Amino acid sequence: MAGPEPESPPALPPIVLVLGRPPRTRAEVELLCERLRELVRRGAPGPVTVDVGAAYPPDLALVEALARLRLTARRLGRGMRLRNAGGELAGVLARAGLDEVLTAPAALRIEPGGEAEQGEQPLGVQEGVEPGDPPG
């Protein structure tokens, strides 16, 4: 007679790192990276999610922290997603020249969750005019 089937191990929780205010010092960024490493050690396989909904104002300190977190996740063999990233953060990423680097499909995914601020245009494709182009 066969005994009872062994129970499957409990499912590991998805990895979500919630940011409060943007970190201001390198030491704070390193603590966030260490926290992410710990979550990865105990969490489910797959990409990590960084919830930036409360990380305001979105400034260059936040951009640096996100870049360091992405590098940490990548070194651990993980992708990274942003949750609750609004248009203001996307604008800061664009002004820093990191929007394509941090939002490349294989690198970082931004989950919807933010709206354009009142009076701001939603981010999208911007057309440029080259010198010598006929008016169109």
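Predicted model only: the values in this text are computed from it and were never measured. All values below come from the heavy atoms of this structure, side chains included, with hydrogens, waters and symmetry mates left out.
Residues Leu36 and Val29 fall into different hydrophobic clusters, defined by Ile, Leu, Val, Met, Phe, Trp and Tyr side chains chained together at heavy-atom separations under 4.5 Å.
Looking at Arg78 and Pro47, their side chains never come closer than 4.5 Å, going by heavy atoms from C-beta outward. The shortest side-chain heavy-atom distance between Leu66 and Leu19 falls under the 4.5 Å cut-off. Looking at Arg68 and Glu30, their side chains come closer than 4.5 Å, going by heavy atoms from C-beta outward. Residues Met80 and Leu69 are in side-chain contact: their nearest non-hydrogen atoms beyond the backbone lie under 4.5 Å apart. With contacts defined as side-chain heavy-atom distances shorter than 4.5 Å, the pair Thr72/Val40 does not qualify. Val16 is not listed as a side-chain neighbour of Val48, based on a closest heavy-atom distance of 4.5 Å or more. Under the 4.5 Å side-chain criterion, counting only non-hydrogen atoms from C-beta, Thr49 is not in contact with Pro14.
The residue from Leu76, Val50, Leu39 that alone fulfils the side chain to side chain contact (heavy atoms under 4.5 Å, CB included) condition with Ile15 is Leu39.
Separating the CD atom in Glu38 from the SG atom in Cys33 is a distance of 14.0 Å, to the nearest 0.5 Å.
In this structure Arg21 satisfies the side-chain hydrogen bond (donor to acceptor under 3.5 Å, both in side chains) test together with Glu28, sequence neighbours excluded.
Summarising the geometry of Leu32 relative to Pro23, their closest heavy-atom pair is CD1-CG, 3.7 Å, with the distance given to 0.1 Å. Here the shortest heavy-atom pairing between Ala55 and Pro22 reads C-CD, 3.9 Å.
A salt bridge links Arg37 with Glu34: the distance from a Lys NZ or Arg NE/NH1/NH2 to an Asp or Glu carboxylate oxygen falls below 4.0 Å.
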Per-pair distances, 0.1 Å, donor-acceptor, side chain in residues 58-65, under 3.5 Å, sequence neighbours excluded:
unit_1 : atom_1 : unit_2 : atom_2 : d
Asp59  : OD1    : Ala61  : N      : 3.2
Asp59  : OD1    : Leu62  : N      : 3.1
Asp59  : OD2    : Arg24  : NH1    : 2.5
Asp59  : OD2    : Arg24  : NH2    : 3.3

